[in-house]
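Here the structure is laid out as structure tokens; the discussion comes afterwards.
Chain letters run A, B, ... following the sequence lines, proteins first and then strands; every chain starts at 1.
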There are 2 protein chains.
Amino acid sequence: MKVDTNDIIQELRRVGLRATPQRCTILQAIKQLNNHPTADEILEYIHKKQPNVAVGTVYNTLDTLVSSGLLKRVKTDSGSMRYDGILHHHHHLYCSRCGKIMDYNDADLDELLNDFFSKKGIQNFSIQGIRLDFHGHCTSKQQTEKS
Amino acid sequence: MKVDTNDIIQELRRVGLRATPQRCTILQAIKQLNNHPTADEILEYIHKKQPNVAVGTVYNTLDTLVSSGLLKRVKTDSGSMRYDGILHHHHHLYCSRCGKIMDYNDADLDELLNDFFSKKGIQNFSIQGIRLDFHGHCTSKQQTEKS
DNA sequence: CTCACTGCAAAGGTTTTGCAGTGGG
DNA sequence: CCCACTGCAAAACCTTTGCAGTGAG
């Protein structure tokens, strides 16, 4: 995914953050990787271009970006946190074979769920958002055969 | 939730595990707590009755129980892992105010989703299970918890 | 120029591991 | 009895924090 540095700078300023080189690099990295990376994967990716970015800075920056709404955390059941640079509403496909987390968009599905819960609701709970986790495995290309 | 120790022992044996006192206590604790506890919360709860259970044992046992299918991990976007002793299919309500994770069962919803995806499917992905995360907050004054 | 931000390293929290000893089957 | 399991403590992660120095606005 091609991401323009100027867009990144604008995005940072829009939420009232200083556009430091580190923040630009980190935000750009997540958008380019586009793969729900861990802090460590981000660090590794960044170090190829800018070896002088500190670990603490990456974590601090990620927290800042999440607080400012420029990033989202992705829920996992493994040890370390993952980050998502795609802000619009979407769901996730968790592949049990390759471990990847892929994005899934479906307006029909969202409409179906909205209809369902606007009628029914949930007792003692006010719904603000619904996210679906699909568990399974990818079937593209080399993995077409069954186990 | 009342949980019979003999049932726990049977459950452990059924999957081919030795029914050690530690494993019984840990599995029973999770089922009694019924609150998606962290390893630390489990340890604290257990220590009231059996102070001689080691931290390492709790983690090892939790891993073992998950591998054997007697427990599930719960996805979170916070630092530490949570565990679920309820094995049948269900969804989770994440309360942004009290931080609790509650269970949600809905056969109509599951049927709706099954219908939707059995017709449609997802390109390049074989669905094995769908879990919904509801984000929002609880609206009950006091909860008559029961499941 | 100034203060929010960074680098660095140490500390903090959670989970894993190594090993000698124990008890469940 | 024997070996899978435990206790204990150290180590390995992952993330946060403190502080002096720096550069974005």
Overall bend of the helix from dC1(C)-dG25(D) to dT22(C)-dA4(D) (five pairs an end, 10° steps) is 30°
Expected output is a numbered-order residue list: members of residues 69-85 of chain B with a heavy atom under 4.0 Å from any atom of DNA chain D. What is it? none
Atom-pair distance ([atom1] on [X]; [atom2] on [N]), nearest Å:
X	N	atom1	atom2	answer
Leu43(A)	dC8(C)	CG	P	12 Å
Arg14(B)	dG25(C)	CZ	P	16 Å
Gln50(B)	dC5(D)	CD	P	17 Å
Leu62(B)	dT15(C)	CG	P	9 Å
Leu65(A)	dT6(C)	CG	P	10 Å
Leu12(B)	dT6(D)	CG	P	10 Å
Arg23(A)	dA4(C)	CZ	P	11 Å

Do [X] and [Y] make a side-chain contact, defined as non-hydrogen atoms from C-beta onward lying under 4.5 Å apart?
X	Y	value
Gln28(B)	Thr5(B)	yes
Tyr83(B)	Thr38(B)	no
Lys75(A)	Asp133(A)	no
Ile101(A)	Arg82(A)	yes

Against the side chain of Ala54(A), the closest entry in dT15(D), dG7(C), dT16(D) is dG7(C)
Inspect the contact between [Y] and [X] and indicate whether a charged nitrogen and a carboxylate oxygen are less than 4.0 angstrom apart.
X	Y	value
Lys120(B)	Asp106(A)	yes
Asp63(B)	Arg73(B)	yes
Arg23(B)	Glu11(B)	no

In 5'-to-3' order, the base (B), backbone-only (S) or no-contact (-) status of each nucleotide in nucleotides 17-25 of chain D, using a 4.0 angstrom heavy-atom cut-off, is B-----BBS
Describe, in one word, how the ring planes of [X] and [Y] are oriented to each other, choosing from parallel (under 30°), tilted (30 to 60°) and perpendicular (over 60°).
X	Y	value
His90(A)	His36(A)	tilted
Tyr104(B)	His91(B)	tilted
Tyr94(B)	His135(B)	parallel

For residues Ile9(B) and Leu65(B): do they belong to one hydrophobic cluster (side chain heavy atoms under 4.5 Å, members Ile, Leu, Val, Met, Phe, Trp, Tyr)? no
